[in-house]
Every structure is written in structure tokens, then in C-alpha cells.
Amino acid sequence: MKIQSVRGMNDVLPADSAAWQHVHAVAAQVFAAYGYGELRLPVVERTELFKRAVGEVTDVVEKEMYSFEDRGGEAISLRPELTAGVVRAGIEHGILFNQQQRVWCTGPVFRYERPQAGRYRQFHQLDVEAFGINTPDVDVEIIAIAAQLWKRLGMSGFQLEINTLGTPACRAVHRAALIDYLQQHEAALDDDARRRLHTNPLRVLDSKVPATQAIVEGAPKLLDYLDEASLAHFAAVKAGLDALGIGYIVNPKLVRGLDYYTHTVFEWTTNQLGAQGTVCAGGRYDGLVQQLGGPQTTGVGFGLGIERLILLMGVQNVPVVSNGPQVYVCRFGDGAEHVALTLAESLRDSFPNLRLVLNAGGGGLKSQLKRADNSGARYALVLGDDEVAAGTIQVKSLRGEGDAFTCARTELAAELSRRLGL
RNA sequence: GUGGGCGUAGCUCAGUUGGUUAGAGCUCUGGAUUGUGAUUCCAGAGGUCGUGGGUUCGAGUCCCAUCGUCCACCCCA
């Protein structure tokens with residue numbers, strides 16, 4: 001019986017890894033461009049962290065976490081998202097006390113869901129967070145970082161949806177009114193909505209069940225319960241986006257699935273990925289740090305699904321920087337073996353960025369050139385006994401850049417450097 | 001968790017109402033060209049038909065289970 005990978009957990013093969021490397025390289029560059037520092041965190045945390053951060057009655061915690069006891073009886077979970085761990089680490093190391101922090105984080109996260117296109121049980125996120133800044137300018141900054149990332153990756157066609165959830169106080173008043181309203185129409189609600197009525201009524205607003213939707217139409221609107229400061233904050237976020245020329249639509253029904261959000265929430269969506277349209281989503285979470293036992297510190301950030309981003313890059317034919325070989329060295333004849341070996345090594349010494357494959361495993365020149373072609377290399381170098389004797393080497397373009405020519409081996413480094421821009 | 005589609009060579013697929021030794025294209029290997037790829041021609045290699053049961057004289061084909069995958073719901077990144 002062949003052993004297969006665990007359901008919903010995928011391998012990335014060498015042919016596909018260039019896109020991943022490209023995304024990571026561009027993302028790291030963008031985050032650094034805004035002064036964000038990278039944080040590297042464990043993949044497992046205490047289960048309690050996610051219950052408190054994400055919310056006890058969210059789907060993520062209720063039925064999607066990989067939770068288990070370790071051998072010491074500790075209740076731990078594979079992380080279902082990154083923000084909780086970032087906050088935990090920030091509190092633990094005292095970097096969130098009375099100061100600003102701009103950080104980012106990446107890695108695998110785990111949710112036990114039914115896999116489908118763009119939805120996997122192990123997937124990867126890029127996560128950006130800013131702490132200790134309660135003004136709307138940093139909400140704008142966070143959204144702008146995503147926009148900058150799209151720009152540098154050469155991607156387009158995103159829809160930005162934004163909304164505000166206000167303060168916990170506004171939400172409490174609205175929540176009471178909403179529960180009251182929904183209870184009056186309880187008989188017409190679907191089972192799921194009825195179950196959520198008391199635990200998480202805001203989620204009912206998002207329901208796609210037609211009967212429930214009809215009732216939701218007349219429900220109390222959160223917008224009507226927001227205080228002046230919340231409205232002003234939201235207005236400032238919109239003004240900042242306007243100033244940057246970042247287009248958006250306000251979606252009053254936009255509610256995040258994680259409980260910790262306050263004020264600004266947003267989603268970058270696409271209609272090019274089927275049912276899994278959200279590529280990047282986030283918002284402000286002013287109470288989370290304190291809720292997890294830290295100082296009263298505000299936060300705002302987003303999570304981005306790397307698999308979805310890469311799927312979308314494929315759909316949009318976004319060019320990816322190749323990590324394949326540039327040069328393939330063919331060698332044959334007893335005298336050429338070690339000459340080619342030392343030549344290849346010295347070229348790598350001279351040009352750290354050069355990607356050069358030295359033929360191994362023998363084969364005739366014909367099959368070596370075939371390997372060279374299949375490797376994607378731009379040039380093949382041919383070194384046989386004739387060239388060894390003459391102190392030369394043949395440089396052969398594999399991509400229609402003129403005829404093959406022979407040059408002195410002492411000239412080779414300069415020749416490659418010029419042609420490949422090393 | 002619910003509903004549906006699909007699992008045949010490394011890849012994309014064909015395979016008739018169940019009937020001899022399961023095919024094609026691409027890829028790969030070798031040769032035509034004793035030292036020149038990507039074109040052409042020739043040859044070769046490559047399969048427990050996802051897995052396990054069952055029905056049958058006989059199963060890639062029918063039935064059951066199971067695993068995987070895809071689509072939608074749900075949820076979200």
C-alpha cells in the first residue's frame with residue numbers, strides 16, 4: 001500500500017517552487033520597505049490561546065482546529081491563523097508595552113476543512129501587524145501594504161471591501177438590539193442562524209440562506225449604533241485610501257469570522273478563483289492584546305493566503321522570476337571530466353548568483369545537450385577532449401541567440417558575465 | 001459536516017451490451033548523425049486499471065465499502 005500525503009496537505013514540487021520563492025522574496029521586500037520586521041513563531045501553541053483570541057464559538061475553533069494532548073498532557077493545537085501567536089509572542093517578550101511595533105510573519109497554518117480549490121488543510125499565510133498605533137493612518141498603511149504587494153507582483157483585478165465594526169461598547173448595544181429583533185423572527189430563521197442568535201448574532205447578518213437574508217434586511221444596522229469617534233475613524237480610513245487612489249467599496253455586511261476585530265475590517269477579493277474569493281483579509285483588533293493578558297495596546301493587520309495568491313498569479317499569467325539553471329556544462333572524454341569540474345566550481349566562486357548545472361551521469365553529447373535543453377538553461381557549454389587540448393570551450397545558445405562559438409577558457413568568465421549580466 | 005462529478009502508463013486521455021495478451025498522443029531511453037539540443041524517421045522502455053471485498057465461466061467495465069481528488073454548499077486565507 002502506497003503511503004499518501006495527509007488529505008488536504010500538499011507538496012510543492014521544484015517546478016512550482018519558483019512562484020513561492022518569488023512571492024516570499026517580493027513580500028519580504030515590500031514589508032521591509034514599510035519598516036516591518038520579521039517574526040518567526042512555533043507552529044503549535046496552547047489551545048487556550050486560540051480559544052481566547054479567535055473566539056470560543058467561531059467555526060475555526062469549534063470544528064476546524066487540530067487539537068490534541070502532547071505526551072505531557074498539555075492541550076495544544078496546530079495554529080489555525082497567525083495573529084494569536086504574534087500577540088502571544090509580543091506579550092511574552094515585552095515588545096508591546098508602551099511602544100509601536102511593526103511586524104510580519106509567515107508559515108503554515110492548519111484548519112480541518114473539506115478541501116477544494118484554494119482551500120486546504122495545511123495552507124500558508126503572510127501576516128502583517130502593527131501594534132500600539134490607534135490612529136486611522138496605520139489602518140491605511142496596512143491596506144496600502146497589500147496594494148503595494150499586488151503592484152510589485154504585477155497583479156490586478158482585486159476588489160477591496162471595507163467596513164467598520166466600531167467599538168465593543170457600540171457593538172454591545174447593537175448586539176442587544178439585533179438579538180431582540182432576531183428573536184421576534186426566530187421562527188423564520190434557519191437552524192444555523194437560530195443557533196448563532198445568542199452566541200454570535202453578527203454572523204447571522206452574513207447568512208446566505210434566502211429566508212434568513214430577508215429578515216436580515218430589516219435588522220438593526222450597526223452603522224446606526226456607532227459613536228462619533230468610530231465614524232470619524234472610519235471616515236479617516238476612507239479619506240486615506242482616497243488620497244492614495246486605492247479603490248474600495250463599503251460593504252456593511254462584511255463581518256470577519258474571527259471575534260477579535262474592532263473598527264476597520266477589510267477583504268481583498270477576486271472573482272477569478274471560484275468560491276474561494278478572499279485572498280487577503282484583516283482589520284483592527286484593539287482589545288486583543290489586553291484580552292490575552294498584555295497591556296492595553298491597539299493592533300491592526302491582515303492575513304494573506306499564499307496558495308490563493310499563487311493560484312491567482314497562474315490565472316493572470318503573472319511572470320515569475322525563474323530559479324532554474326542558466327548554464328549547463330556538457331563534458332565528455334577522459335581529459336574533460338576534471339577540467340569541467342574545476343571550471344564549474346571556479347565559475348560558481350566568481351559569480352555567486354550564477355545558476356550552473358554540471359552534467360553528471362555520463363551520456364553522449366547528444367543526450368547531454370538534450371538535458372541542457374530540458375533544464376531550461378540559456379547556454380550550454382561544451383567541453384570535450386578537443387577543447388581541453390586547445391584551451392578553449394564552446395558556448396552554445398539554446399534559445400536562438402546566434403550560433404555557437406568557441407572561446408578561450410580564460411575568456412569564458414568575462415563572456416558569461418557579459419551575456420548573463422552577472 | 002452536506003450534496004454531486006472523477007480515479008486506466010510520468011502527463012493528458014480512449015477503452016463498445018462484461019469476452020483473447022488493456023491502447024493512443026506527449027514525455028523518457030537508444031539509434032539514424034563514431035562531437036551538437038529544440039524539427040523528422042525508426043526502435044525500446046513504461047500498467048498489481050486508486051485500494052479492499054462481492055457478483056460472474058469471465059470484471060478496467062456491474063455492485064458495496066474505503067481512500068484520494070475536483071465542484072458546489074458551509075467556512076474562510
Side-chain angles (χ1 to χ4, degrees), chain A residues 1-10 13 15 54 58-65 79-83 106-128 146 190-193 196 200 203 206-209 254-258 265-270 273-282 301-312 328 330-333 336 359 361-388 394-400 403-406:
Chain A
M1 183 75 187
K2 246 187 301 187
I3 296 177
Q4 301 171 304
S5 69
V6 174
R7 182 173 202 194
M9 305 204 179
N10 301 312
L13 301 180
V54 175
T58 56
D59 277 14
V60 169
V61 167
E62 252 179 357
K63 44 194 188 191
E64 294 176 2
M65 275 212 294
R79 58 187 181 191
E81 56 110 50
L82 297 176
T83 303
T106 186
V109 296
F110 303 84
R111 293 183 197 174
Y112 192 86
E113 296 188 272
R114 184 92 167 249
Q116 66 185 73
R119 189 170 83 179
Y120 312 104
R121 289 186 172 179
Q122 172 177 299
F123 62 104
H124 297 75
Q125 288 191 341
L126 286 165
D127 198 63
V128 178
D190 62 279
D191 291 346
D192 202 46
R196 289 217 141 107
N200 202 347
R203 298 288 309 154
D206 218 16
S207 171
K208 281 166 189 153
V209 179
L254 178 63
V255 176
R256 310 297 357 281
L258 290 65
V265 291
F266 61 89
E267 280 189 17
W268 290 92
T269 62
T270 172
L273 289 182
Q276 312 302 325
T278 302
V279 175
C280 172
F302 68 72
L304 180 158
I306 297 178
E307 280 83 353
R308 288 183 187 177
L309 185 68
I310 286 174
L311 280 173
L312 191 58
Y328 191 104
C330 304
R331 52 170 167 172
F332 54 96
N359 184 77
L365 177 57
K366 189 183 183 68
S367 63
Q368 291 194 37
L369 280 168
K370 213 163 190 174
R371 287 175 197 155
D373 190 30
N374 287 343
S375 77
R378 202 164 138 192
Y379 294 102
L381 302 182
V382 178
L383 189 76
D385 289 332
D386 294 354
E387 286 81 3
V388 171
Q394 186 186 128
V395 179
K396 184 181 173 72
S397 165
L398 298 171
R399 310 292 152 207
D403 293 334
F405 62 95
T406 299

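We use all heavy atoms of the structure for the numbers below, so side chains are in, but hydrogens, waters and symmetry mates are not. Naming convention: chains lettered A, B, ... in sequence-line order (proteins, then strands); numbering from 1 in each chain.
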Problem - Candidate nucleotides G68(B), C76(B), G35(B), ranked by approach to the side chain of R7(A) - the nearest - result: G68(B)

Problem - Span that lies between the C1' atom of U16(B) and that of U12(B), in whole angstrom - result: 22 Å

Problem - Pi stacking test for F123(A) and A77(B): under 5.5 Å apart, planes under 30° - result: yes

Exercise for the section: Summarise how protein sits on nucleotides 2-13 of chain B as a single string, 5' to 3': B when a protein heavy atom is under 4.0 Å from the base, S for sugar-phosphate-only contact, - for no contact. Expected result: BBB---------

Practice task
Return yes if the base of C75(B) and the side-chain atoms of R119(A) contain a donor-acceptor N/O pair under 3.5 Å, otherwise no.
Solution key: yes

Handout entry: Dot-bracket notation for RNA chain B, counting Watson-Crick and G-U pairs under 3.5 Å, with | for partners on another strand
Key = (((((((..((((.....[...)))).(((((.......))))).....(((((..]....))))))))))))....

Exercise for the section: Sticking with atom P, work out how far U29(B) lies from A45(B), rounded to a whole angstrom. Expected result: 16 Å

Exercise for the section: Measure from the side-chain heavy atoms of D373(A) and tell me the nearest of A77(B), C76(B), G37(B). Expected result: G37(B)

Exercise for the section: Quick one: label G363(A) by what it contacts on the DNA or RNA (base, sugar-phosphate, nothing), any heavy atom closer than 4.0 Å. Expected result: nothing

Handout entry: Salt-bridge criterion met for R399(A) and D373(A) (N-O under 4.0 Å)
Key = yes

Exercise for the section: Answer with base, sugar-phosphate or nothing: what part of the nucleic acid does K396(A) contact at a heavy-atom distance below 4.0 Å? Expected result: base

Exercise for the section: Between C64(B) and U21(B), how far apart are the P atoms? Round to whole Å, please. Expected result: 28 Å

Practice task
Check every strand shown and say whether Q276(A) touches a base, only sugar-phosphate, or nothing at a heavy-atom separation below 4.0 Å.
Solution key: base

Exercise for the section: With P as the reference atom in both, quote the distance from G15(B) to C67(B) in angstrom, rounded to an integer. Expected result: 29 Å

Practice task
Quick one: label V279(A) by what it contacts on the DNA or RNA (base, sugar-phosphate, nothing), any heavy atom closer than 4.0 Å.
Solution key: sugar-phosphate

Practice task
Give one of base, sugar-phosphate or nothing for Y120(A), where a contact means two heavy atoms less than 4.0 Å apart.
Solution key: base

Practice task
Looking only at side-chain atoms of Q116(A), point me to the closest of G35(B), G30(B), C73(B).
Solution key: C73(B)

Handout entry: Donor-acceptor pair present, E387(A) side chain and G35(B) base, under 3.5 Å
Key = yes

Problem - Side-chain-base donor-acceptor pair under 3.5 Å for Q394(A) and U36(B) - result: yes

Handout entry: Inter-nucleotide C1' distance (U20(B), G58(B)), Å rounded
Key = 11 Å

